[in-house]
Participant: 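Have a look at this one before I ask anything.
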Amino acid sequence: MKKSNYILLWAIAIFLLAVAYLLLDKAVGFKPIFKEYVVGWGTLALINAGLAQSKHKSGFFWFLLSLLLGPIATFLLVLTGELDNK
């Protein structure tokens, strides 16, 4: 996949996360502690995406998986080895 396609996928993912956050904020009125939790979970997803890319894996896939599984995805990512590209 071309680099421009990855940038587009990342932009779409960040946009969708921002929209979901705003819609949930209006619907249920996040408490301040919950907002911090969402920011931390999103940061962990970004860190996992970078870690996955350093292991030559799909950063976008692991970003989305991390949004669903959080620290469990981090644990799975650390356990998996680097793919051989031979």
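Count residues from 1 along the sequence.
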Participant: What's the spacing between T74 OG1 and L69 CG if we round to 0.5 Å?
Facilitator: 9.5 Å

Participant: Any idea which heavy atoms bring A52 and S58 closest together, and the distance?
Facilitator: CB-O, 4.1 Å

Participant: Heavy-atom count around I72 CD1 within 6.0 Å, excluding the residue itself: above 12?
Facilitator: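 For I72, atom CD1 is not crowded (no more than 12 foreign heavy atoms under 6.0 Å).
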
Participant: At what distance, to the nearest 0.5 angstrom, does CZ of F63 lie from CG of N48?
Facilitator: 10.0 Å

Participant: Under 4.5 Å between side-chain heavy atoms, counting indirect links through other Ile/Leu/Val/Met/Phe/Trp/Tyr residues: same cluster for L68 and L44 or not?
Facilitator: no

Participant: Would a 4.5 Å heavy-atom cut-off, applied to side chains only, mark K57 and L51 as touching?
Facilitator: no

Participant: Measure across W41 and P71 and return the closest heavy-atom pair with its distance rounded to 0.1 Å.
Facilitator: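 Here W41 and P71 meet closest at CH2-CD, 3.6 Å.
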
Participant: Would you compute the distance between atom CG of L65 and atom CG of L77 and round it to the nearest 0.5 angstrom?
Facilitator: 9.0 Å

Participant: Is there a continuous path of hydrophobic side-chain contacts, each under 4.5 Å between heavy atoms, that joins I47 to V78?
Facilitator: no

Participant: Rounded to the nearest 0.5 Å, what separation is found between the NZ atom of K55 and the CH2 atom of W62?
Facilitator: 8.5 Å

Participant: Can you give me the closest heavy-atom contact between A45 and L67, atom names plus distance?
Facilitator: CB-CD2, 3.8 Å

